[in-house]
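Report on the following structure.
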Amino acid sequence: MTDQHRGRTTRDGIRIHEAADFAGMHRAGALAAQILDDIAPHIIVGQTTAALDALIEGMVNDAGATSATIGYKGYRHASCISVNHVVCHGIPGGKIPKWKNDSHARADDSLKDGDILNIDVTVIVDGWFGDTSRMYVAGKPKAYAERLIQVTHDALMVGIEAVKPGNTFGDIGHAIQAYAEAHQTSVVRDFCGHGLGRVFHAPPNVLHFGRAGTGAVLEEGMFFTIEPMINLGRPETKVLADDWTAITRDKSLSAQFEHSIGVTATGAEIFTLSPGGLFHPTYN
Ligand code: MF3
Ligand code: CO
Ligand code: CO
């Protein structure tokens, strides 16, 4: 049996992987998560996002792995670093956009006291993709920022709890949306999670909102990300002129966490759990 003939694809175009494939995803996910652990001590006031990305690229190379984002659709960095009201796809080294609570425009890409940031890393190990992101804080966070980070992390985990064969993708989105909205936050609609495996982005689109019981039925062997972006204000986003950086239209604060997971016989295996147990908001 050749690689191409292993497993199968559902009528929705979703790949069903074999038991042995979980090990490949586990290795890729563990490296991505280790990198997010190892970058944590470097998140300090004054640090630049360019320097953080350079460190991450070095970690990917030192592990003998490949960055999935360098060269992806013209993207040139080993991470996305999204500060404050940047929803996703913040470009390391780019000037940090001015947000609601900034008194002046930013001069550069250096972190200020109280900034919150998402770092998103995707690596390829032996052909398998590991995609994960987490929130960090430079200096001392505001109470509302800490609350948003906590709600976003918990929304991701509530979504993962809805993962088991027989449930639907709509059950995942519904669980996340219900949790986020019960905590006075909003779910970004313009970006979603995705299937992955030996490819970066594959069917299905994993929505972080929706109705229970709708969408494709979950089956053992599906691999995908769940990566909710949650805002303190309204859910609408816009992409800046660099064609990557997405911000909240109302310039309210945004947070995101992402795990790569596989559907098992009874639930989910999280491939990107923090090896160091730094499983959620990391503060220095
Ligand atoms: N890692 C992102 C995701 O979660 C994708 C980043 S693509 C990039 O799907 F080109 F912006 F890096
Ligand atoms: Co992803
Ligand atoms: Co990602």
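Note that the coordinates shown come from a computational prediction; the quantities given were computed from them, not determined experimentally. Counting starts at 1 for both ligands and their atoms, in listed order.
- E227 and H208 are not linked by any side-chain donor-acceptor pair at a separation below 3.5 angstrom, with hydrogens and angles left out of the test.
- The pair R106-D115 meets the salt-bridge criterion, since a charged nitrogen lies less than 4.0 angstrom from a carboxylate oxygen.
- When only interatomic distances are considered, the shortest N/O to N/O separation between T69 and ligand 1 does not fall below 3.5 Å.
- Below 4.0 Å from some heavy atom of C80 lie the following atoms of ligand 1, by number and element: 6 (C), 8 (C), 11 (F), 12 (F).
- Nearest to atom 2 (C) of ligand 1 by heavy atom, out of N118, T245, D120, I91, is D120.
- Using the six-membered ring where Trp is involved, F223 and H17 have ring planes that are parallel, under 30° apart on the 30 and 60° scheme.
- Between S254 and the options T237, T152, N231, N84, a side-chain hydrogen bond (donor to acceptor under 3.5 Å, both in side chains) holds for only N231.
- The distance between the ring centers of Y75 and H77 falls below 6.0 angstrom.
- Considering backbone and side-chain atoms alike, T122 places an N or O below 3.5 Å from some N or O of ligand 1.
- Side-chain contact check for T248 and H85: no donor-acceptor pair (N or O, by modelled atom type) lies under 3.5 Å.
- For atom 4 (O) of ligand 1, the choice among R76, E227, H77 with the nearest heavy atom turns out to be E227.
- With M222 as the fixed residue, the side chain to side chain contact (heavy atoms under 4.5 Å, CB included) test singles out one of V217, V163, I14: I14.
- Interface of F200 with ligand 1, defined as ligand atoms under 4.0 Å from a residue heavy atom, comprises 1 (N), 5 (C).
- Counting the atoms of ligand 1 from 1 in the order shown, those under 4.0 Å from a heavy atom of E258 are 4 (O).
- Distances below 4.0 Å separate heavy atoms of H194 from the following atoms of ligand 1: 3 (C), 4 (O), 9 (O).
- With a heavy-atom cut-off of 4.0 Å, D131 touches ligand 1 through its side chain alone.
- If you check the side chains of S133 and N118, you find a donor sitting under 3.5 Å from an acceptor.
- The side chain of H201, and not its backbone, has at least one atom closer than 4.0 Å to an atom of ligand 1 (non-hydrogen atoms only; side chain from C-beta on).
- Ordered by chain and number, D120 OD1, D120 OD2, D131 OD1, E258 OE1 make up the set of protein N, O or S atoms under 2.8 Å of the Co ion (ligand 3).
- The ring of Y72 has its center closer than 6.0 angstrom to the ring center of H201.
- The environment of CZ in R189 is crowded: more than 12 heavy-atom neighbours from other residues, nucleotides or ligands sit within 6.0 Å.
- On a distance-only criterion, H89 and ligand 1 share no N/O pair closer than 3.5 Å.
- For the Co ion (ligand 2), the set of nearby N, O or S atoms under 2.8 Å includes none belonging to H201.
- Of the residues listed (D131, T66, T69, T132), the one engaging T122 in a side-chain hydrogen bond (donor to acceptor under 3.5 Å, both in side chains) is D131, and it is the only one.
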